[in-house]
Each structure stands twice: as C-alpha cells, then as structure tokens.
Amino acid sequence: VQLQASGGGFVQAGGSLRLSCVASGSTLTYYAIGWFRQAPGKEREGVSFISANGGSTLYSDSVRGRFAVSRDNAENAVYLQMNSLEPEDTAVYYCAAVATDVNIVVVTKEELYDSWGQGTQVTVSS
C-alpha cells in the first residue's frame, strides 16, 4: 500500500490542523495505522494509533486530549485532527500502515510498520 500524507502547514499556538493520509494500491480495511512525528534533532515518536476497524485508538501522553485520529475505510483515508497546537508539536508528521489479522488491535511498535507516507511538515509558532 502507498500512503500520501497531507494537511501540514504553519499555524499559531492554539490553532488547529487536520492531517490526511490517503492510501492507494490497496484498501486500508485490513491495516492498522500509526501517526508518527520527528522534530529536528529528535528521534521519531509515535503520537497516535488506530486499529483497522477504527474501534481502538491510542495516543501518546503529549497529545492525548488534543489530537484525535479517525478513519474512513470507504475513502481509504485516515485523519489526524490536531487541536490546541503547541510549539512543541512542530515536526514532520508521517502516517504508516501495517497489515493486521486482528482488526481491533492498535500497533504501537514503529519497527512493525512497513508502509510509510512521505511526511508533512507542521510548524507551530509561539
């Protein structure tokens, strides 16, 4: 499956952005999805995860309560709604997919993901 992430941009602190991750080449129905980010000089970290059926989600402590992940399998897309953005959220955001046999589980281990989007830059000014 090929992934295309979009929706990044420049926003002031407190603002919102909605990232999209659209798949091609395969249906996302059987894929768990993760959103990761990498800030300059830092390691990539997972921020949000959603199961293949959308019934299970998980968030990192740093974004819980501010970010919301959702998916529309009919549209072959996954979304990350980011609210109350902070300068610390500045990073390149990536979506990633991994095929799963169990559609209710989230996958948090980065090394298990084998399909990655190209990344979209999010910059939050103070």
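It should be emphasised that the depicted structure is a prediction, and the values quoted were computed from it without experimental measurement.
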Answer yes or no: does atom CG of L112 have more than 12 heavy-atom neighbours from other residues, nucleotides or ligands under 6.0 Å?
yes
How about OH on Y59, more than 12 heavy atoms from neighbouring residues, nucleotides or ligands closer than 6.0 Å, or not?
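For Y59, atom OH is crowded (more than 12 foreign heavy atoms under 6.0 Å).
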So how far is it from [X] [atom1] to [Y] [atom2], rounded to the nearest 0.5 Å?
X	Y	atom1	atom2	value
I50	S48	CD1	OG	7.0 Å
L28	I33	CG	CD1	4.5 Å
Y93	L80	OH	CG	7.5 Å
Q121	Q38	CD	CD	11.0 Å
Q12	S126	CD	OG	9.0 Å

Do [X] and [Y] sit in the same hydrophobic cluster, where Ile, Leu, Val, Met, Phe, Trp and Tyr count as joined when their side-chain heavy atoms come under 4.5 Å apart?
X	Y	value
Y79	V47	no
L85	W35	yes
V63	V107	no

Is the shortest heavy-atom distance from the side chain of T27 to the side chain of N73 under 4.5 Å?
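In short, these two side chains do not touch, never coming nearer than 4.5 Å.
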Donor-acceptor pair, distance only, cut-off 3.5 Å: does the side chain of [X] make one with the backbone of [Y]?
X	Y	result
Q118	Q4	no
N83	G65	no
N76	V22	no

Give the minimum heavy-atom separation between [X] and [Y], together with the two atoms involved.
X	Y	answer
V124	T90	N-OG1, 2.9 Å
A97	L3	N-CD1, 3.7 Å
T100	A52	OG1-CB, 4.0 Å
Y94	G117	CD2-O, 3.6 Å
S51	V105	CB-O, 3.2 Å
A32	Y113	O-CE2, 3.7 Å

Yes or no on side-chain contact (heavy atoms from CB on, under 4.5 Å) for R66 and D89, after CA distance, side-chain angles and deciding distance?
CA-CA 11 Å; R66 300 186 298 120; D89 296 317; 2.7 Å; yes
Given side-chain contact (heavy atoms from CB on, under 4.5 Å), test E75 with S20 step by step and report yes or no.
CA-CA 11 Å; E75 295 293 327; S20 298; over 6 Å; no
So F49 and F36, would you call those rings parallel, tilted or perpendicular, with 30° and 60° as cut-offs?
perpendicular
Kindly determine whether S60 and F67 satisfy side-chain contact (heavy atoms from CB on, under 4.5 Å), including the steps that lead there.
CA-CA 10 Å; S60 68; F67 289 13; over 6 Å; no
Should T57 and V106 be marked as a side-chain contact (heavy atoms from CB on, under 4.5 Å) after you check the CA-CA gap, both sets of side-chain angles, and the distance that decides it?
CA-CA 7 Å; T57 58; V106 295; 5.5 Å; no
